[in-house]
Structures are given as C-alpha cells and as structure tokens.
Amino acid sequence: MTVKDILDAIQSADATSEDFAALPLPESYRAITVHKDETEMFAGLETRDKDPRKSIHLDDVPLPELGPGEALVAVMASSVNYNSVWTSIFEPLSTFGFLERYGRTNELAKRHDLPYHIIGSDLAGVVLRTGPGVNAWRPGDEVVAHCLSVELESSDGHNDTMLDPEQRIWGFETNFGGLAEIALVKSNQLMPKPDHLSWEEAAAPGLVNSTAYRQLVSRNGAGMKQGDNVLIWGASGGLGSYATQFALAGGANPICVVSSPQKAEICRSMGAEAIIDRNAEGYRFWKDENTQDPKEWKRFGKRIRELTGGEDIDIVFEHPGRETFGASVFVTRKGGTITTCASTSGYMHEYDNRYLWMSLKRIIGSHFANYREAWEANRLIAKGRIHPTLSKVYALEDTGQAAYDVHRNLHQGKVGVLCLAPEEGLGVRDHEKRAQHIDAINRFRNI
Ligand SMILES: C/C=C/C(=O)SCCNC(=O)CCNC(=O)[C@H](O)C(C)(C)COP(=O)(O)OP(=O)(O)OC[C@H]1O[C@@H](n2cnc3c(N)ncnc32)[C@H](O)[C@@H]1OP(=O)(O)O
Ligand SMILES: NC(=O)C1=CN([C@@H]2O[C@H](COP(=O)(O)OP(=O)(O)OC[C@H]3O[C@@H](n4cnc5c(N)ncnc54)[C@H](OP(=O)(O)O)[C@@H]3O)[C@@H](O)[C@H]2O)C=CC1
C-alpha cells in the first residue's frame, strides 16, 4: 500500500467512509523535517543569513502509532507559517527541546521525541483513521485542522483552552505536523473544510486567521468594535491580511502599514483606504541599536492623524516587536490597546512607559486562539465572509524555498504547499458559492 492508493480514493467521486476505513495505511510517508543533529548548523550567522533551504529536508518517515482521541489525516495541502521559519533557523530556540519536554509527559507523548521534527501547523485533507473515543469524525471526512494541541487535564484551561498548562502548537511544539503527506492530530483540532475552496486555499488561513481573530476581534484580545481605528503592521502579510479583513468586515477603520506600492495596492483592493508605505516614508524609529527616536514616533503619529482626520489609534495589531513597539505604544490613543502576538524583529521591547500609564493604555498578549475561537474563525471562511490570501503555491519538495521566501519577506499574504494534491484547484465542492467570491479568493494570486 502506498500513498498513491489514498490519493486515488480521495480523487474518486464515489469512495465511501467504509472504503476509506478499509484502505490499508502505508508504513511510511514523505514529510518535511528538520534534523536534531543539525541544530547548530547556523551558529554564528545573523538571523537573516540563516537559510531554511539548508535545514529543511524531505524525508521518508515511518507512520506514527494512532492514539486515543487522535486522527490520521491524508494531507492534500498545507501552508508555510512563520513558526516553521523559526523552527528551520533554530530560533529563538531549537524546537527539539519542546519535543523532548512533551515526550517526558507520558508514554504516548514519547512518540513525539524523535531525531527529526515534522513541521507545519496547517492542513486541508481527508480523515484516514480515528483513534478510540472519536465519534465526531469518520474516515473520508474532508477537514482542515487548527493547530491547538491541549490535554485539558488541568482546570486552568477549562474556560479558555489556550490557558491549558499543557498547551502546544501542533507542528511546532509537537511532531507529525502538516507539511507532509500524512499528519497526526488530536481529533479536537479538526474542523469542516470550507467547501467552496480548493485544498490549498482551505489550508492557507487556519493558523493566521484564528490568531488574528483572537488578537483583534475576540474579547480575549482587543475586542474590536465598529468605528475603531486599527493600526495593522504588515497589513498584507500572513496575519495582517486577515486582520485587515476583520477590521473592514467589522466596521472598523484599518490603517494599514506595508513596505511597497504593490502591497499598498493589495490593501486598497481589499477595501482599505488609509495606507502607510513605511519604506517610502522612511521611518527610522531607532537611531542606533540602543536608542529610539521619539521624533520619528511623532512623525508617524502625525501621518496617522492625517489619514484619520485627526484621530489616534484605538487598537494596534502588533507583531514586528522591537523595531515598532515603541512607536505602537506612542500612537495609541488614551485608553487604547496594543495587542501583540509576536516579536519578529526582536523580543526585548523598549517603550516609553510614561505614555502607557499616563494615558491609561493597555498591552494585551495574545497567542493563537482557543478551540472555540479557531472554530468561529473557520466558520467565517466557510461562509465566505473572510477569504484566503493565498499568493503562491509550492510543491512539497520546494518547501525550503517557500520558507526562505517568508523568512526574507519576499512573499505576499500566505504561501501554500501541495502535499498529496497533484495540482492546484482540486477539492472544490460548492462551485456556486465559489463563483460568488471568486475575485476575493484570487486577490493575492500570482502577484
Ligand atoms: C501559532 C503560532 C505561533 C507563533 O508563530 S509564535 C512565534 C514562534 N514562537 C516562539 O518564538 C516562542 C518560542 N518559545 C520560547 O522562546 C520559550 O518557550 C519561552 C521563552 C516562551 C519559555 O521558555 P522556557 O524555557 O520554556 O520556560 P522558562 O519559564 O523560561 O523556563 C522554565 C523554568 O523556569 C521556571 N519558572 C517558570 N516560571 C517561574 C516563576 N514565575 N518563578 C520561578 N521560576 C519559574 C520553571 O519552573 C522551569 O524551571 P525548571 O527548568 O527548573 O523546570
Ligand atoms: N503567537 C501567535 O499565535 C502567532 C504568532 N505569529 C508570529 O507573528 C509574526 C508574523 O507572522 P506572519 O504575519 O505570518 O508573517 P509574514 O511574514 O507573512 O507577515 C509579517 C509582515 O510584517 C511586516 N514586517 C516584518 N518585519 C517588520 C518590521 N521590522 N517592521 C515593520 N513591519 C515588519 C512585513 O510587512 P511589510 O514589509 O509589508 O511591512 C511582513 O510581511 C511571526 O513572528 C510569527 O511567528 C504568527 C502567527 C501566530
């Protein structure tokens, strides 16, 4: 039995759940990995010079054992998230430490502690097998998977599953991720695949859409409301392209920051009007490595006021981190919110705290999304209210190049990866719904 037989079943119009359940599983499959014995390969290099193409491998790996509450999924497509870039450059730390720590928790978790890490935190595909105790999903179901892995044995996570002490990001802090022909997930990660999207389109939003939803919309994040001025860094990037859509769909006013006229045009075509090209306008928030320039914060704030008719920012959607955080705190209005989920340019932030406390601003830390938030975010994709922002699609063997593009900020929106899908455009079930949204679905394609 090979993965080819699985693909044939997926592509045949009449395979039943029983047919899928009867398919023998292959002993091995192809997966994108990083290797534990290579974690020092970039030692001494600057972050930008660490090249994912050198550390990312395509290997044949054995199929993991299926445990209770889990599912094996045939992955038709996945996407590149920045967490896979972090894994591939072994920053801020090697993800093998996460796998070792997880492996120590129980007998079944030991499976994750391997000399290779199968990465990837998104997938669209078809359920192959479910473990004991799984009733909601059956072989043959077409699904996407969100990346929240939790144990829920502690009450700490019972109101908000992100607060579980054993919270992990699948494919980053666990093994058997989505950049592979087969993935292992907890069945609670599964959600229905939006039926108007192709496999690669359906695999693109998951992680970033859910994260932007919690960070910006949810009451666990900024709780955005109609009329809010929302400053969105990287507004056409992975997170930002969803934050921009949420702001527009929720009646807020996005102020989109981008770094090229082309990216400005994408934001304009999504419906945004207030756009700042940080490159063209040449903001230098840091005079040197250790000194910020408040005059530049003010110049930036003045530009925002020009675009808003004199108003300041209600919510900053932060993720660049060190480079922008001082400016973000400054331009937020009295009582406003800075919500952050990352620190791409450096995690030791510096800001003038006087502007925070004297103006009663709040900083909110946000990370991925809880089960419910991930479900609600996927529902909005399925209803055609929020659209995938897929630009380019790579073959599985070219994942290193795809991760390189994201690391060097050469991409737009989201970058997709075909895993089992032999070509783009397959998997669409509701053509009528697709036709209604086709322009929005294709907005980021091939630019
Ligand atoms: C969905 C996608 C998301 C993204 O893309 S996010 C971006 C990618 N992700 C990242 O870059 C994050 C990577 N993760 C990390 O960098 C690390 O993951 C953390 C810095 C978040 C945490 O580091 P750690 O080493 O896991 O934890 P510690 O808390 O620094 O060290 C653990 C030790 O510290 C002790 N400790 C914890 N809290 C306290 C306290 N309040 N007082 C005293 N000690 C404390 C513990 O007990 C334990 O100790 P003992 O090592 O001896 O077991
Ligand atoms: N905690 C969580 O749950 C999550 C965290 N993340 C993290 O968020 C970060 C961004 O992820 P994602 O949006 O997918 O990545 P992308 O690279 O797709 O987009 C980020 C955008 O931010 C802008 N940007 C990058 N560096 C800077 C800078 N120094 N100053 C200003 N703008 C900058 C760029 O846009 P432009 O050049 O146009 O300005 C870039 O396109 C990553 O670090 C990732 O790990 C992501 C998802 C979830």
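Since the structure is predicted, the reported quantities are computational estimates derived from the model, not experimental observations. One-based numbering, in listed order, for ligands and for the atoms of each. Atom set for the values below is all heavy atoms of this structure, side chains included, hydrogens, waters and symmetry mates excluded.
At a heavy-atom distance under 4.0 Å, only side-chain atoms of Thr324, from C-beta outward, approach ligand 2. Proximity of Asn409 to ligand 2, defined as any heavy-atom pair under 4.0 Å, is confined to the side chain (atoms from C-beta onward). Under 4.0 angstrom from ligand 2, the non-hydrogen atoms of Val208 all belong to its side chain. Under 4.0 Å from ligand 2, not a single heavy atom of Lys414 appears. With a heavy-atom cut-off of 4.0 Å, Pro320 touches ligand 2 through its side chain alone. Contacts between Ala342 and ligand 2, counted as non-hydrogen atom pairs separated by less than 4.0 Å, involve the side chain only.
Considering backbone and side-chain N/O atoms, Gly234 never comes within less than 3.5 Å of an N/O atom of ligand 2. Of the N or O atoms in Trp233, none lie within a sub-3.5 Å distance of an N or O in ligand 2. Where the criterion is an N or O separation shorter than 3.5 Å, residue side chain and backbone included, Lys263 meets it with respect to ligand 2.
Given atom 45 (O) of ligand 2, the protein heavy atom at minimum distance is Trp86 NE1, 2.9 Å. Looking only at heavy atoms of the protein, atom 44 (C) of ligand 2 is closest to Tyr82 CB, 3.4 Å. Nearest non-hydrogen protein atom to atom 13 (O) of ligand 2 is Leu239 N, 2.8 Å. Protein heavy atom closest to atom 5 (C) of ligand 2, with residue, atom name and distance, is Cys341 O, 3.3 Å. For atom 2 (C) of ligand 2, the closest heavy atom belonging to the protein is His367 ND1, 3.4 Å. Of the protein's non-hydrogen atoms, the one nearest atom 36 (P) of ligand 2 is Ser259 OG, 3.3 Å.
Between Tyr355 and Phe330, the ring-plane angle classifies as perpendicular under the 30° and 60° cut-offs. Between His387 and His437, the ring planes are tilted. Angles from 30° to 60° get that label. Ring orientation note: the planes of His112 and Tyr102 are tilted relative to one another, at an angle of 30° to 60°. Under the 30°/60° scheme for interplanar angles, the aromatic rings of Phe172 and Phe98 are found to be tilted.
Which of Gly238, Ala235, Gly240, Ser79 comes nearest to atom 19 (O) of ligand 2 through a heavy atom is settled by distance: it is Gly238. Between Glu323, His319, Arg322, it is His319 that holds the heavy atom closest to atom 22 (O) of ligand 2. Of the candidates Thr344, Val406, Ile232, it is Thr344 that places a heavy atom closest to atom 9 (C) of ligand 2. Residue nearest to atom 17 (O) of ligand 2, selected from Gln215, His407, His411, Arg278: His411 (by heavy-atom distance).
Arg168 approaches Thr105 most closely through the heavy-atom pair NH2-CG2, 3.9 Å. Contact record, Asp122 with Ser79: OD2-OG, 3.0 Å, taken as the closest heavy-atom pair. Here the closest non-hydrogen pair linking Ala252 and Met224 is CB-SD, 3.7 Å. Closest non-hydrogen pair, Leu396 versus Val417, comes out as CA-CG1, 3.7 Å. Nearest heavy atoms, Ile386 versus Ala249: CD1-CB, 4.3 Å.
Figure legend: cation-pi geometry between Arg53 and Tyr404, with NZ or CZ positioned under 6.0 Å from the six-membered ring centre and within 45° of its axis. Remark: Lys302 fails to qualify as a cation-pi partner of Trp297 under the 6.0 Å distance and 45° angle criteria applied to the six-membered ring.
In summary, the atoms of ligand 2 found under 4.0 Å from a heavy atom of Phe368, numbered by their order in the structure, are 2 (C), 3 (O). For ligand 2, the atoms sitting less than 4.0 Å from at least one non-hydrogen atom of Val258 are 38 (O), 39 (O), numbered in the order shown with element in parentheses. Near Leu207, the atoms of ligand 2 lying under 4.0 angstrom from a non-hydrogen atom of the residue are 47 (C), 48 (C). Of all atoms in ligand 2, numbered sequentially from 1 with element shown, those under 4.0 Å from a heavy atom of Thr211 are 2 (C), 3 (O), 4 (C), 48 (C).
The CG atom of Asp37 lies 8.0 Å from the CZ atom of Phe96; values are rounded to the nearest 0.5 Å.
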As a test of reading the model: which N/O atoms of the protein lie under 3.5 Å from N/O atoms of ligand 1, and at what distance?
{"residue": "ligand 1", "atom": "26 (O)", "partner": "Arg101", "partner atom": "NH1", "Å": "3.0"}
{"residue": "ligand 1", "atom": "26 (O)", "partner": "Arg101", "partner atom": "NH2", "Å": "3.1"}

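In terms of the salt bridge (Lys or Arg N to Asp or Glu O under 4.0 Å) criterion, Glu46 has no residue partners (sequence neighbours excluded).
Of the charged side-chain nitrogens involved, none lies within less than 4.0 Å of a carboxylate oxygen, so that Glu166 and Arg101 do not count as a salt-bridged pair. Ion pairing between Asp113 and Lys110 fails under the 4.0 Å rule for side-chain N and carboxylate O.
The side-chain heavy atoms of Arg299 and Arg284, taken from C-beta on, include no pair separated by under 4.5 Å.
Test Asp314, Ile304, Val331 against Asn229 for side-chain contact (heavy atoms from CB on, under 4.5 Å) and you get one pass: Asp314.
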